[in-house]
Amino acid sequence: MSDEILKIRGLNVEMLTENGMVQLVRGVRIDLKEGEIHGIVGESGCGKTVTAKSVMRLHDERYTRYSGSIRFGDTDILTIKEGDMRKLRGSQIAYVFQNPMTSFDSLFTIGEQIAEGIRAHSKLPKKEAYAKAVELLESVGVTPGEKRAAQYPHEFSGGMLQRAMIAMSVSCDPKVLIADEATTALDVTMQARVLELLKKLRDEKGLSILCITHNFGVVAEICDTVTVMYAGHVAESGTVSEIFHSPRHPYTEELIKNIKYELNSGDEDADPAPQPKSGEKHGGCAYAYKCKYAQDICFREKPPLRYVSDDHFAECHFTERRGA
Ligand SMILES: Nc1ncnc2c1ncn2[C@@H]1O[C@H](COP(=O)(O)OP(=O)(O)O)[C@@H](O)[C@H]1O
Ligand SMILES: [Mg+2]
């Protein structure tokens, strides 16, 4: 018996654009274990959201081609009917977006909207759904719940709205929560509170969380395991403690160096983060042009996926070089 609640294998996502079919993510492999917080980290544009939205099949399927598999328990999400997918969305797998401002309707109170969300998935009468909404607001630290529930979105700060959004997302007791840059728009104090909340939901409800961020600092703060993405690929994956102390992909090394740089801004050795170009076409490694260790082979041959321990792998020709 495996304890993975979500198992993504060989995921390719292609989309029809003005320039024809474009491959946005390639061969993505991710395991999310039950009760774990798994980070997906990488620069803007590397394919984190495309990957995460695929888990909920949120892309417009008239223009999208998926291949590979996304297993949620016994279900292969990529092959079930849209009607069955609709039943999973919100009730089994929930998604929190970056900007809570756009997720709430300005014309209704927060309590009404959370209650509506609850009623969309359960048969609770209005009054009870509203009472549950108040309770949920209390549980995410938006207090006093009764008063806050009666307020409109514009009366909330960004951090409160994001926590209310998370309350709404978990109102139907999903098994998996996808938090996509859920703290990016917040100031540092609010960011810390929302991260604390995610941890609490994992600890108290056993929720499994995919935490998407461009910031390795967030990963180091709350994630157990992590997938590092670069230009639509998985560059490296493993436990956060192992990767943090012994990154085997040069891109991961850069990401980690940059948080250390942010923590200690007097360090002049740190370079700015590299900007990946997705869709770079050559036979070798997508990172080769940015990589300070690159050799000829890196430009010619696709890097192999190498395991450096049971659950730590990197796609690089020279994984043995670092951390030795
Ligand atoms: N609907 C779309 N149509 C065409 N290209 C898209 C679409 N959504 C995302 N992309 C492209 O796919 C790549 C990955 O995007 P995304 O997953 O949103 O990145 P991020 O890692 O910042 O979340 C980017 O190059 C982006 O421009
Ligand atoms: Mg994104």
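Just so you know, ligand 1 is whichever comes first in the structure, and atom 1 is the first atom listed for that ligand. Owing to the predicted nature of the structure, the values given are computational and were not obtained by experimental measurement.
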Worksheet item: Has T49 got an N/O/S atom less than 2.8 Å from the Mg ion (ligand 2)?
Response: yes

Worksheet item: Counting heavy atoms only, which of L24, T49, T64 is nearest atom 10 (N) of ligand 1?
Response: L24

Discussion item. For D310, I'd like to know if atom CG has over 12 heavy atoms of other residues, nucleotides or ligands within 6.0 Å.
Written reply: no

Item to complete: Would you check whether C46 has a nitrogen or oxygen atom less than 3.5 angstrom from a nitrogen or oxygen atom of ligand 1?
Response: yes

Fill in: Distance-minimising heavy-atom pair for S208 and E34
OG-CA, 3.4 Å

Item to complete: Output the list of atoms in ligand 1 that are nearer than 4.0 Å to some heavy atom of T17, sorted by atom number.
Response: 4 (C)

Item to complete: Might you point out which heavy atoms bring A115 and A133 nearest each other, and give the distance in Å?
Response: N-CB, 4.0 Å

Worksheet item: Does an N or O from T51, backbone or side chain, lie closer than 3.5 Å to an N or O of ligand 1?
Response: no

Discussion item. At less than 4.0 angstrom from any non-hydrogen atom of S44, what atoms of ligand 1 do you find?
Written reply: 22 (O)

Worksheet item: Applying a 4.0 Å heavy-atom criterion (strictly less than), which segment of V50 is in contact with ligand 1: side chain, backbone, both, or neither?
Response: both

Discussion item. I'd like to know if D203 and K200 make a salt bridge, using a cut-off of under 4.0 Å between side-chain N and carboxylate O.
Written reply: no

Discussion item. Can you confirm whether I114 sits close enough to L137 that some side-chain heavy atom of one is under 4.5 Å from a side-chain heavy atom of the other?
Written reply: yes

Response to the item:
Y63 meets the ring-ring contact (aromatic ring centres under 6.0 Å, His included) criterion, sequence neighbours left out, with none

Worksheet item: Should the proximity of M15 to ligand 1, defined as any heavy atom under 4.0 Å, be assigned to the side chain, the backbone, both, or neither?
Response: side chain

